[in-house]
Enquirer: 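Submitted below is the structure of interest, expressed as structure tokens.
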Amino acid sequence: MNSTIQKTIFFLLLLASLTPWISAPIALVFGIVFALLIGNPYEKQAAKAVKKSLKIAIIGLGFGMNFYSAINAGKDGILLTITTIILVLTLGFFVGRLLKMSRKTSCLVSSGTAICGGSAIAAVAPVLKSSEEETSVALATIFVLNAIALFVFPIIGHTLELTQHEFGLWSAVAIHDTSSVVGAASQYGEEALEVATTVKLGRALWIIPLALFISIIHRNKESKIKIPYFILLFIAAMLISTFVPQLSSVYEWIAYLSKRLLVATLFLIGTGISLKTIQTVGFKSLGLGIILWITVSIVSLTIILS
């Protein structure tokens, strides 16, 4: 296909994702179909843009949340977060050995499932000193399952008639990446979005102790641990919206624009799922990812409903 036409279609779909008529799952589908049928002419640029736009969108969403209600939501998720992280990391270790996987690959997949998908893998990989192939396999595995989760979870939530609070808590624990957590929760409702975002970002902070723990085990003192500082800006946004209510109309616009930016980000994420990405996922890595994902989904939902 002519590169000019290819680029034109890319920008038209990106702009369409910014409009209120395109939902998060549809934007992701647009991105995946575009990448598979036409090919992404801006693959590297899109990958870089995703990292920045996702952080900006999450910070902006903070302006639409109340600090006190977010803290209460976070409290509900603390024990569940600790329990499921330990469960996934422990199960990942034993299942990885059972499947005779590379220890580094199984650790990366387990870390991505336990905490926050690609961000956790990106933080842990340098500490493990994993190869580019091992990191790519883990990222591809989480990437594929994360895309599926964005579609499946809202359907299951409505089928089981979960409340917004229950769904927000469940999606924050059981969906891998923050992008899909927020995308799925935003479809379910405002309360679900607030609970999911707060709990997921609190969960993301566990990257720090996990990376430190792994560095001690592997005796790697030289590696630098990536700390998600943007979470502090998210908290600051909540504090501003809560304690400076005079500008509430402005905060509403910022939150709305942030939601649209998130949808556009999901389109860009979708454009990263190419045939090469799918082929990168090996049987063992995918098997481990599915086992961990199903386990954490069932266990967390059972705890939430009980």
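One is the number of the first residue; the rest follow in order along the sequence. These figures come from a predicted structure and were not determined experimentally.
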Enquirer: Do you know the tightest heavy-atom contact between Leu262 and Gly183?
Expert: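 Looking at all heavy atoms of both residues, the shortest contact is CD2-N, 3.9 Å.
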
Enquirer: If only atom types and distance count, is the side chain of Thr242 paired as donor or acceptor with the main-chain N or O of Phe67 below 3.5 Å?
Expert: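 A pair under 3.5 Å: yes.
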
Enquirer: Within this structure, what is the OG1-CD1 distance for the pair Thr19 and Ile22, rounded to the nearest 0.5 Å?
Expert: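 Answer rounded to 0.5 Å: 5.0 Å.
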
Enquirer: Strictly under 6.0 Å, is that where the ring centroids of Tyr188 and His158 end up?
Expert: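 Between His158 and Tyr188, which both carry aromatic rings, the centre distance is below 6.0 Å.
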
Enquirer: Does Phe34 share a hydrophobic cluster with Leu37, counting links as ILVMFWY side-chain heavy atoms below 4.5 Å and allowing steps through other members?
Expert: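 Yes; tracing contacts between hydrophobic side chains, which count when under 4.5 Å, links both residues.
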
Enquirer: Centroid-to-centroid, Phe11 to Tyr42, below 6.0 Å?
Expert: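 Yes: the rings meet the under 6.0 Å criterion.
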
Enquirer: Given side chains that start at C-beta, do those of Leu162 and Leu305 come closer than 4.5 Å, heavy atoms only?
Expert: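 They are in contact (side-chain heavy atoms under 4.5 Å apart), so the answer is yes.
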
Enquirer: Tell me, with the steps shown, if Ile26 and Phe267 meet side-chain contact (heavy atoms from CB on, under 4.5 Å).
Expert: CA-CA 8 Å; Ile26 297 300; Phe267 165 75; over 6 Å; no

Enquirer: Write down the atom of Ala204, the atom of Ile115, and the distance for their closest heavy-atom approach.
Expert: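 Of all heavy-atom pairs spanning Ala204 and Ile115, the closest is CA-CG2, 3.9 Å.
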
Enquirer: Looking only at heavy atoms, what is the nearest atom pair of Ala264 and Leu18, with distance?
Expert: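 Shortest heavy-atom separation between Ala264 and Leu18 comes out as CB-CD2, 3.6 Å.
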
Enquirer: Would you indicate whether Phe283, at its atom CZ, is surrounded by more than 12 heavy atoms from other residues, nucleotides or ligands within a distance under 6.0 Å?
Expert: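 Result for CZ/Phe283: open.
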
Enquirer: Does Asn146 reach the side chain of Leu150, with side-chain heavy atoms less than 4.5 Å apart?
Expert: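 They are not in side-chain contact.
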
Enquirer: Are Glu190 and Lys259 within salt-bridge range, i.e. N to O under 4.0 Å?
Expert: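 Judged by the 4.0 Å cut-off on N to carboxylate O distance, Glu190 and Lys259 do form a salt bridge.
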
Enquirer: Do Val296 and Leu87 come close enough that some side-chain heavy atom pair is under 4.5 Å?
Expert: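 No. Closest side-chain heavy atoms not under 4.5 Å.
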
Enquirer: Quick one: CD1 on Ile58 to OG on Ser179, what's the gap to the nearest 0.5 Å?
Expert: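 Rounded to the nearest 0.5 Å, the CD1-OG separation comes out at 8.0 Å.
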
Enquirer: Following the transitive rule for hydrophobic clusters with a side-chain heavy-atom cut-off under 4.5 Å over Ile, Leu, Val, Met, Phe, Trp and Tyr, establish whether Ile59 and Val244 coincide in one cluster.
Expert: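 No, no single cluster joins them.
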
Enquirer: Do any N or O atoms from the side chain of Gln187 and from the backbone of Ser23 form a donor-acceptor pair under 3.5 angstrom?
Expert: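 Not at all, since once roles are kept as given, no pair shorter than 3.5 Å links the two residues.
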
Enquirer: Between Leu61 and Met65, which heavy-atom pair has the shortest distance, and what is it?
Expert: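 In this case the closest contact between Leu61 and Met65 is O-CG, 3.5 Å.
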
Enquirer: Test Glu194 against Ser69 for side-chain hydrogen bond (donor to acceptor under 3.5 Å, both in side chains), laying out the working first.
Expert: CA-CA 8 Å; Glu194 184 172 290; Ser69 57; 2.5 Å; yes

Enquirer: Assigning hydrophobic clusters by single linkage (Ile, Leu, Val, Met, Phe, Trp, Tyr; side-chain heavy-atom cutoff under 4.5 Å), is Val33 placed with Leu268?
Expert: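 Val33 and Leu268: one cluster.
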
Enquirer: Are the aromatic ring centres of Phe234 and Tyr229 under 6.0 angstrom apart?
Expert: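 Here the rings of Tyr229 and Phe234 have centres that are no less than 6.0 Å from each other.
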
Enquirer: Count the heavy atoms belonging to other residues, nucleotides or ligands that lie under 6.0 Å from CD of Gln45, then report whether that count exceeds 12.
Expert: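 Yes, the 6.0 Å shell around CD holds more than 12 heavy atoms from other groups.
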
Enquirer: Starting from Ile155, can I reach Val173 by hopping between I/L/V/M/F/W/Y residues whose side chains sit under 4.5 Å apart?
Expert: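 Per the 4.5 Å side-chain linkage, Val173 and Ile155 are not co-clustered.
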
Enquirer: What is the distance from atom OG1 of Thr198 to atom CD1 of Ile71, rounded to the nearest 0.5 Å?
Expert: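 Those atoms lie 7.5 Å apart.
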
Enquirer: Nearest 0.5 angstrom please: Trp293 CH2 to Thr113 OG1, how far?
Expert: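 Output value for this atom pair is 10.0 Å.
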
Enquirer: What I'd like to find out is whether the side chain of Ser17 reaches to under 4.5 Å of the side chain of Leu266, using heavy atoms alone.
Expert: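 They are not in contact (no side-chain heavy atoms under 4.5 Å apart), so the answer is no.
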
Enquirer: Taking the six-membered ring for Trp and the full ring for Phe, Tyr or His, determine whether the centres of Phe30 and Phe10 are under 6.0 Å apart.
Expert: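 Not under 6.0 Å, so no.
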
Enquirer: Hey, are the side chains of Leu145 and His176 touching, using non-hydrogen atoms and a 4.5 Å cut-off?
Expert: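 Touching, per the 4.5 Å side-chain cut-off.
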
Enquirer: Please evaluate residues Tyr251 and Ile240 with respect to the criterion side-chain contact (heavy atoms from CB on, under 4.5 Å), reporting the C-alpha separation (whole Å), side-chain torsions for both, the decisive distance (0.1 Å), and the verdict.
Expert: CA-CA 9 Å; Tyr251 305 148; Ile240 292 171; 3.4 Å; yes

Enquirer: Drop me the distance from Lys55's NZ to Leu261's CG, to the nearest 0.5 angstrom.
Expert: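 Going from the NZ atom of Lys55 to the CG atom of Leu261 covers 13.5 Å.
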
Enquirer: Can you check side-chain contact (heavy atoms from CB on, under 4.5 Å) on Trp170 and Ser297, steps first, answer last?
Expert: CA-CA 8 Å; Trp170 183 47; Ser297 297; 4.3 Å; yes

Enquirer: Run the ring-centre check on Trp253 versus Phe63 and record whether the distance is less than 6.0 Å.
Expert: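 No; Phe63 has its ring centre 6.0 Å or more from that of Trp253.
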
Enquirer: Just by modelled atom types, is the Gly64 backbone N or O under 3.5 Å from a matching donor or acceptor in the Glu252 side chain?
Expert: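 Judged by distance alone, no pair lies under 3.5 Å.
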
Enquirer: Please name the pair of heavy atoms, one in Leu201 and one in Ile231, separated by the smallest distance, quoted to 0.1 Å.
Expert: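 Distance-wise, the nearest heavy atoms are O-CD1, 3.3 Å.
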
Enquirer: Is the shortest side-chain heavy-atom distance between Phe167 and Pro154 below 4.5 Å?
Expert: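 Heavy-atom side-chain distance check passes, below 4.5 Å.
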
Enquirer: What's the spacing between Ser285 OG and Leu139 CG if we round to 0.5 Å?
Expert: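 Here the interatomic distance stands at 10.0 Å.
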
Enquirer: Would you sort out whether Cys107 and Ile214 count as a side-chain contact (heavy atoms from CB on, under 4.5 Å), showing the intermediate values?
Expert: CA-CA 9 Å; Cys107 183; Ile214 291 174; 3.8 Å; yes

Enquirer: I would like to know whether Ser131 and Glu134 meet side-chain hydrogen bond (donor to acceptor under 3.5 Å, both in side chains); could you show each step before the answer?
Expert: CA-CA 5 Å; Ser131 66; Glu134 289 169 325; 3.2 Å; yes

Enquirer: Show your reasoning for whether side-chain hydrogen bond (donor to acceptor under 3.5 Å, both in side chains) applies to Ser53 and Thr265.
Expert: CA-CA 6 Å; Ser53 62; Thr265 301; 2.9 Å; yes

Enquirer: Do Leu28 and Phe151 come close enough that some side-chain heavy atom pair is under 4.5 Å?
Expert: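 A side-chain contact exists here, since the closest heavy-atom pair is under 4.5 Å.
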
Enquirer: Does Val181 offer a backbone N or O that forms a donor-acceptor pair with the side chain of Lys200 under 3.5 Å?
Expert: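 No, Lys200 side chain to Val181 backbone: no donor-acceptor pair under 3.5 Å.
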
Enquirer: In terms of hydrophobic clusters joined by side-chain contacts under 4.5 Å, are Trp206 and Ile78 together?
Expert: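 Shared cluster, yes.
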
Enquirer: Any side-chain to backbone donor/acceptor pair from Lys284 onto Met101? Under 3.5 Å, distance only.
Expert: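 Judged by distance alone, no pair lies under 3.5 Å.
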
Enquirer: Compare every heavy atom of Arg203 with every heavy atom of Leu80, then report the nearest pair and how far apart it is.
Expert: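 For Leu80 versus Arg203, the nearest heavy atoms are O-NH1, 4.5 Å.
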
Enquirer: Do Asn66 and Met238 come within less than 4.5 Å of each other through their side chains, counting heavy atoms only?
Expert: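 Not touching, per the 4.5 Å side-chain cut-off.
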
